[in-house]
There are 2 protein chains.
Amino acid sequence: MARRPTTSDAFNAVAEPRRREILDLLAAGERPVNDLVVILGLAQPQVSKHLGVLRAVGLVTVRTSKQQRLYKLNADRLKPIHDWVRTFEPFWDNQLNRIKERAERKAQERASGRNATDKEP
Amino acid sequence: MARRPTTSDAFNAVAEPRRREILDLLAAGERPVNDLVVILGLAQPQVSKHLGVLRAVGLVTVRTSKQQRLYKLNADRLKPIHDWVRTFEPFWDNQLNRIKERAERKAQERASGRNATDKEP
DNA sequence: AAATCATATACCCTAATCGGAATATTGCAA
DNA sequence: TTGCAATATTCCGATTAGGGTATATGATTT
């Protein structure tokens with residue numbers, strides 16, 4: 001096996017900085033491919049390929065209008081990333097949350113019973 | 001060029017599901033490698049390698065204790081992901097935010113001037 | 001010192017990326 | 001129809017991940 005395909009996941013699709021940039025741009029509204037080519041300063045085929053990946057994971061949708069293809073953000077597919085990373089909020093938030101988090105962690109350690117990390121008796 | 005190294009970024013490091021699992025586990029507290037091996041059901045070398053990637057991007061820290069190496073979450077390094085993905089919150093939130101977002105988007109479109117997506121006059 | 005436990009590293013392999021350049025496709029225009 | 005504009009697809013080359021397996025390192029105990 002090799003690395004997970006970029007098209008397997010929003011996580012993998014979004015690991016590429018250019019694709020994040022594309023999503024950032026599309027957050028402002030629908031755009032045709034050539035807009036992205038110009039703004040990002042990339043070659044057109046690469047942009048099309050990036051859009052293909054984003055489309056494959058459902059992060060964007062396409063609509064044909066005149067000779068152009070208008071790409072639109074489908075932000076729902078970013079939710080899994082948000083949901084996952086949100087679970088770590090307590091760790092970096094403010095001091096208040098840090099205290100709360102510490103309490104929760106202690107409780108969890110107690111609840112999950114003894115394991116290899118246990119200090120000596 | 002090939003794909004961005006997994007060690008280049010928190011985004012890339014976290015694209016691998018196993019590594020996310022490891023971080024999830026470490027959220028409950030420090031753990032030695034063998035704990036992760038047992039819990040994840042992976043081979044020990046693979047776990048060590050995943051931990052190596054996580055360490056390379058600063059998502060975990062290590063501390064040697066007795067014969068073991070205790071890995072600890074360093075959640076701060078997840079913040080960039082959180083910050084990025086947070087910018088898309090308005091899109092999937094509740095209806096209230098959706099209205100607000102629409103207004104913002106319209107304003108932005110107006111502000112950023114004419115472009116190729118413009119409808120006919 | 002030897003054996004052992006815990007972990008890290010090295011090697012081989014296959015699959016898949018991304019960029020570049022060329023070319024194919026599709027729709028509209030003259 | 002011929003041509004052009006916008007976009008997609010294909011082929012190439014270099015790089016690298018990640019699993020598997022074997023082995024090395026390092027600390028601990030006997």
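Just so we're on the same page: letters track the sequence lines, and every chain starts at 1. Hydrogens, waters and symmetry mates play no part in the numbers below; they use all other heavy atoms, side chains included.
Minimum interatomic distance between A:Val60 and A:Leu51 (heavy atoms only, all atoms of both residues): CG2-O, 4.1 Å. Looking at every heavy atom in both residues, A:Pro17 comes nearest to B:Arg4 through CG-NH1, 3.5 Å. For the pair B:Asp9 and B:Val57, the tightest heavy-atom approach, listed with the atom from each and the gap, is O-CG1, 3.5 Å. In terms of heavy-atom proximity, A:Asn74 sits nearest to A:Gly58 at ND2-O, 3.0 Å.
Residue B:Arg3 places no side-chain N or O under 4.0 Å from the OP1 or OP2 atom of D:dT15. OP1 and OP2 of C:dA6 both lie 4.0 Å or more from every side-chain N or O belonging to B:Tyr71.
Ranked by how close their nearest DNA chain C nucleotide is to the 5' end, B:Asn34 and A:Arg4 are led by B:Asn34. Of the residues near DNA chain C, A:Thr64 and A:His50, the one whose nearest nucleotide (by heavy atom distance) lies more toward the 5' end is A:His50.
The nearest whole Å value for the distance from the CD atom in A:Gln46 to the P atom in C:dA22 is 13 Å. Residue B:Glu30 contributes atom CD, which lies 12 Å from atom P of C:dT7 at whole-angstrom precision. One interatomic measurement links the two molecules: CZ of A:Arg69 to C1' of D:dA5, which rounds to 15 Å at whole-angstrom precision. With rounding to whole Å, B:Leu36 atom CG is found 10 Å from C:dA8 atom P. If you take CG of A:Leu40 and P of D:dT7, they are 13 Å apart, rounded to a whole angstrom. A:Leu70 has its CG atom 19 Å from the P atom of D:dA5, to the nearest Å. B:Leu51 has its CG atom 10 Å from the C1' atom of C:dT7, to the nearest Å. We find that CD of A:Gln68 is positioned 13 Å from P of D:dA5, with the value rounded to whole Å.
Using a 4.5 Å cut-off on side-chain heavy atoms (C-beta onward), B:Glu16 and B:Thr6 make no contact. You'll find the side chain of A:Leu78 reaches within 4.5 Å of the side chain of B:Trp84, heavy atoms only.
Taken from CD1 in B:Ile22 to CZ in B:Arg31, the straight-line distance is 12.0 Å, to the nearest 0.5 Å.
Closest to the B:Ala2 side chain, of the nucleotides D:dT16, D:dT7, C:dA10, is D:dT16. The side chain of A:Thr6 lies closest to C:dT17, out of D:dT21, D:dA8, C:dT17. Here the nucleotide nearest the side chain of B:Lys49, chosen from C:dG19, C:dT7, C:dA10, is C:dA10.
With hydrogens and angles ignored, no donor-acceptor pair under 3.5 angstrom links the side chain of B:Lys66 to the base of D:dG26. Side-chain atoms of B:Gln67 stay outside donor-acceptor range of the base of D:dG26, with no qualifying N/O pair under 3.5 Å. Taking only distance into account, the side chain of A:Gln44 meets the base of D:dA8 through a donor-acceptor pair shorter than 3.5 Å.
At a non-hydrogen distance threshold of 4.0 Å, nothing from residues 52-61 of chain B comes into contact with DNA chain D. Using a 4.0 Å cutoff on non-hydrogen atoms, no part of residues 11-24 of chain A comes near DNA chain D.
Side-chain contact check for A:Arg18 and A:His50: no donor-acceptor pair (N or O, by modelled atom type) lies under 3.5 Å. Between the side chains of B:Gln68 and B:Thr64, not a single donor N or O lies within less than 3.5 Å of an accepting N or O.
For residues 53-82 of chain B, every residue pair satisfying the ring pair (Phe, Tyr, Trp, His ring centres under 6.0 Å) rule, not counting sequence neighbours, is listed here: A:Trp92-B:His82.
Within the nucleic acid shown, A:Ser48 comes within 4.0 Å of at least one base atom, counting heavy atoms only.
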